[in-house]
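Here's the structure we're looking at; comments come further down.
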Amino acid sequence: MIQHFDPSQHDKAFSKDLGTPPPAADAAPVSVEIDGVAITVPEGTSVLRAAALADINIPKLCATDSLEAFGSCRLCAVQVEGKRGTPAACTTPVAEGMKVTTQNERLARLRRNVMELYISDHPLDCLTCPANGDCELQDMAGAVGLREVRYGFTGENHLEAEKDHSNPYFSFDPSKCIVCSRCVRACEEVQGTFALTIDGRGFDSKVAAGQDEAFMGSECVSCGACVQACPTSTLMEKSVIDSGQPEHSVITTCAYCGVGCSFEAQMKGDKLIRMVPYKGGDANHGHSCVKGRFAFGYATHKDRITTPMIRDAIDQPWRPVDWDEAITFAAKRLRAIQSEHGRESIGGITSSRCTNEETYLVQKLIRAAFGNNNTDTCARVCHSPTGYGLKTTLGESAGTQTFDSVMQADTIIVIGANPTDAHPVFGSLMRKRLRQGASLIVADPRRIDLLKTPHLEDAQHLPLRPGTNVALINALAHVVIAEGLEDQDFIASRCDTEAYRAWRDFIAEERHSPEASEAVTGVAADAVRRAARTYATAGNGAIYYGLGVTEHSQGSTMVMGIANLALATGNIGREGVGVNPLRGQNNVQGSCDMGSFPHELPGYQHVADVTARGRFEAAWGVELDDEPGLRIPNMFDAAIEGSFKALYVQGEDIAQSDPNTQHVEAALSALDCLIVQDIFLNETAKYAHVLLPGSSFLEKDGTFTNAERRINRVRKVMPPLAGKADWEVTVDLARALGYPMEYTHPSEIMDEIATLTPSFAGVSYQKLDERGSLQWPCNAEHPIGTPTMHEVDFPIGRGRFAITEYVATEERSNRRFPLLLTTGRILSQYNVGAQTRRTDNQVWHDEDVLEVHPSDAEVRGIKDGDWLGITSRAGQTVLRARLSERMQPGVVYTTFHHPGSGANVITTDSSDWATNCPEYKVTAVQVEKVSRPSEWQRRFDEVDRAQREHLATAREAAS
Amino acid sequence: MSHDQGQTLVNMVNQIAANLSGGRETADTVEGVCSHLEKFWARAMKQRIVACLDEPDCGLEPLARQAVARLAERRGAPAA
């Protein structure tokens, strides 16, 4: 069933453009009279906004409430009693007792004259214009009553200006441009890229990308903020040009990164025309990136799996079957394997891309119907150290702040994260704060784009050697202690004294000084001292980190080191500070919250906790295992050894995303039954016996939880392609296994979660619909959620400093493997690329390359574009070279968005000591010029071809 | 690369012990490693590592061995 426009999901304040942004929320009230209507607004409000709030709608063109007032179009001219002239309402702030007139003959004449000039240089093709029905210029011509254009249309004009269709998602038609600068300002103020400018003066003024080049040739990152800001059809989505204006919209949540942007999915029937970031979205406030706004075409791509399929062995073609047969086949196999090899011989992997409700059901299926705790999720390979490290030190496995908190930060430390590429909308917000003057410290082997923020002064870059994070964080903490920069009051009132003393003695040792660790980290002692002082004395110091922290053999130690530093400087428990993991996938926070880990029930309640387990046993009507189950890498090892025989994988591509691909392939090949539920034939599915069609985020109801613990609603806008949402498939499988689950809607699953998970006790769909979103903990104590954690105390009472001994990774360079490989992401592609590779985002990045420092390249005779063999202890792959000085010599870098690149063929089994999170960020490698693909790649191509043929055969049979 | 599961588990305990030793008393390290295994390891992994105690040259470092021995005791198996 399609859910059509539901007015209750739109807040009126967000659906109307009020012209200028709101002033500070705590500003003093000011009373004014506009057209005789008395209105009280906060000081700093513009006359335009005040009027709009009273539903007095002053004509405007260059003003929009996502951008600062500009005052260029003069259409919003008003008269103010006692003042001369006709000031622009957008740039005039209200003043106490002010009396404003917005409509009279003089103003009407003025506005008509303004519009007349605009229209004299504008094509009159309104009926066939793509913006027809959604054009502010047309609306204003109507509003001011324009009836004639006395100047005629034959004079000099811009009507023949050349169009630019270079961007795959939007067109630029400068003949329709009114030079209001909204696009230029959106690029600067909202996105922070500064790719657009107004070129020329006076009549020659025109919008130009980069150095007056095509959009695709400029530094434009295709976020679409300019398209959204354009009041005419100058910048227009190609999907709207092709299909016309959408007719209804649904508010939902993006399924790409952990920022969790809210979008209006604008529809025509069940066809998605465009995604427009929702102004009322608490995570993104109306901004988005190229993935969320534009890269949704994968949802209807021809590669979508739409029929369940089964086969007895993985070298056989697929047999398309109906849902019943597939589910029965899967259930029979699982039960047969358990009766032969024991209860613990099977397990499952929950998805960090699916909804909370779906993830909850999969782990419930495993614990209750499989009867063991062999459940894990892809957070294992990204943020499991965050869970361990933050729970140990702060008592809760989650970030402490809202995204908006960064706007109060005075010093921002970014460690092992690349927000402008991996969390772009938050990256833009951070850049906004940096332009306002906050200090930036980046600890990263690579010179990330954030360091190139326009108008950024005095950024500090600590280019550490991969694998030496803990030595660096210890050195930073040492400076804080040695120079007496700690926050004694905070430590005394909020932290465990004994743990603090032990940590203080440890960290004060000379071996942790920046001078002593310089040889290890490669970062100059002076730079470390300066960074520590900047952070500790900033006022508000905030730390943001990503997978460059967690994906190491000491990932958990590093997370604890970050928490130590924040505790020692009192940077916890208020706006503007905190410890902030930037989560990778859309619902990786949620999948952890929902009990995906083998040792924890939903809400991070340990399986050995008798009381907690008892609640679940009572609700689920089964006895639950009190021992943790296998983690993903343990499952692989057990599969190879022969004790683990079957796996149910929902929405995760372990064959591409997990390290040491050949080991993973060996493990998957050893399984007697692999059930893969996915929207595409992903790499893992090539080893599957049962392939169950998944549903995209557009095809189901549910919730995602983003990196700031914000629970956002996902709303169905089109029916599932294969007839079932993912949660329905899990319910069917449970029933076939003899464990019926009775749900008719995901809201009922959330109700169950709320009864069993203390931090979710106050969450319901009704409250989510009312409030837009909720940040957990949300319960009796925090009925409307918790934006900032640990304000008064910690869930464990007092903050616990942890000893963080630096233990060098075993994965280090030597004569055989003299370089260190580190891996990362790029803006246009998402994770394993299954979605973005099936969109036009390919034009930005259609292959993974190896970035090599010119000095390393020179000694090896490598030139830009050469084919390079990259060899590690684990394997070999071949990628093209790109010379780059973003890393220091000795470090090479690649992305892992394309399966054939085999980036994970070379990553090794080395993993975090506490959580087994793989050490993706450090692999010792050798690089040399080669002339052909690696052996693994040739084999990959063969398997790929064979499996695609199996799929094609099945499709033919089904049609 | 070696993928003998017993060896993998031995390496894992050694790594845990190495990370929990610096700046701590020996007793704390042994207790820390043991409770880490209790809290995070699956039943089969615990059984397997306990069985390693019977192999004299299984490769467990001294503190790691003590921790596994304590785990064996708590689980009711005879310590080696």
Side-chain angles (χ1 to χ4, degrees), chain A residues 342 344-345 347 372-374 388 470 502-503 505-507 509 553-554 556-557 597-600 606-608 625-631 633-638 640-644 660 662-663 666-667 803-810 872-875 908-916, chain B residues 1-52 55 58-65 67-68 70-72 74-77:
Chain A
E344 294 175 15
S345 61
N372 62 46
N373 288 322
N374 292 334
Y388 178 92
V470 173
W503 175 77
D505 290 346
F506 164 79
I507 210 75
E509 290 172 25
S553 66
Q554 282 204 291
S556 293
T557 311
F597 289 142
H599 66 287
E600 280 168 341
H606 200 274
V607 291
D625 195 344
D626 62 353
E627 286 255 20
L630 295 167
R631 299 175 283 202
N634 314 139
M635 290 181 195
F636 291 156
D637 288 342
I640 289 174
E641 201 186 42
S643 58
F644 190 76
N660 194 356
Q662 298 181 83
H663 180 56
I803 305 280
T804 50
E805 181 71 35
Y806 168 63
V807 179
T809 172
E810 287 172 19
S872 74
R873 288 188 295 130
T908 69
D909 289 338
S910 179
S911 70
D912 174 47
W913 65 272
T915 65
N916 279 157
Chain B
M1 297 175 81
S2 154
H3 279 296
D4 171 68
Q5 213 197 348
Q7 193 54 51
T8 305
L9 296 179
V10 166
N11 292 345
M12 282 165 66
V13 187
N14 286 342
Q15 195 192 359
I16 295 165
N19 274 277
L20 292 179
S21 17
R24 295 175 182 80
E25 301 293 327
T26 305
D28 292 344
T29 300
V30 172
E31 177 53 33
V33 176
C34 179
S35 62
H36 185 94
L37 300 181
E38 277 184 322
K39 205 168 161 190
F40 296 105
W41 279 31
R43 182 182 291 111
M45 292 162 69
K46 289 174 187 155
Q47 287 164 351
R48 187 69 185 261
I49 197 72
V50 167
C52 286
E55 304 164 27
C58 65
L60 279 173
E61 300 287 340
L63 289 181
R65 175 172 275 276
V68 175
R70 177 168 305 178
L71 178 73
R74 288 201 202 157
R75 293 179 69 80

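In what follows, every chain begins at residue 1, and chains take the letters A, B, ... in the order their sequences are listed.
- Proximity to chain B is absent for every atom of A/Phe597, based on heavy atoms less than 4.5 angstrom apart.
- No side-chain donor-acceptor contact under 3.5 Å links A/His599 to the backbone of B/Trp41.
- Proximity to chain B (any heavy atom under 4.5 Å) is shown, for A/Asn372, by neither the backbone nor the side chain.
- Put simply, the side chain of A/Glu805 does not reach to within 4.5 Å of the side chain of B/Asn19, judged on heavy atoms.
- Of the inter-residue distances, the one linking A/Thr557 atom OG1 with B/Leu20 atom CG reads 8.0 Å to the nearest 0.5 angstrom.
- Put simply, of A/Glu641, A/Glu509, A/Gln662, the one with the most heavy-atom pairs under 4.5 Å next to chain B is A/Glu641.
- Residues A/Phe506 and B/Gly23 share a closest heavy-atom pair of CD1-CA, 3.9 Å.
- For A/Ser556, no part sits under 4.5 Å from any heavy atom of chain B, backbone or side chain.
- Heavy atoms closer than 4.5 Å to chain B are found in both the backbone and the side chain of A/Ala914.
- With a 4.5 Å cut-off on non-hydrogen atoms, B/Leu9 does not touch chain A at all.
- The aromatic rings of B/His36 and A/Trp913 are tilted relative to each other, their planes meeting at an angle between 30° and 60°.
- For the atom pair OG1 of B/Thr8 and CG of A/Asp909, the computed distance is 7.5 Å after rounding to the nearest 0.5 Å.
- A/Asp626 pairs by the side chain to side chain contact (heavy atoms under 4.5 Å, CB included) definition with A/Arg613, B/Arg43, not counting sequence neighbours.
- Ranked by heavy-atom pairs shorter than 4.5 Å toward chain B, the options A/Ala502, A/Ala608, A/Ala638 are led by A/Ala638.
- Minimum interatomic distance between B/Met45 and A/Leu630 (heavy atoms only, all atoms of both residues): SD-CD2, 3.8 Å.
- Between A/Glu627 and B/Lys46, at least one side-chain nitrogen of the basic residue sits less than 4.0 Å from a carboxylate oxygen of the acidic one, meeting the salt-bridge criterion.
- Under 4.0 Å is where a charged nitrogen must lie from a carboxylate oxygen, and between A/Glu600 and B/Lys39 no such pair does.
- When each of A/Asn916, A/Asp505, A/Asn373 is scored by its heavy-atom pairs under 4.5 Å with chain B, the top score falls to A/Asn916.
- One N or O on the side chain of B/Gln15 and one on the backbone of A/Ser911 form a donor-acceptor pair closer than 3.5 Å.
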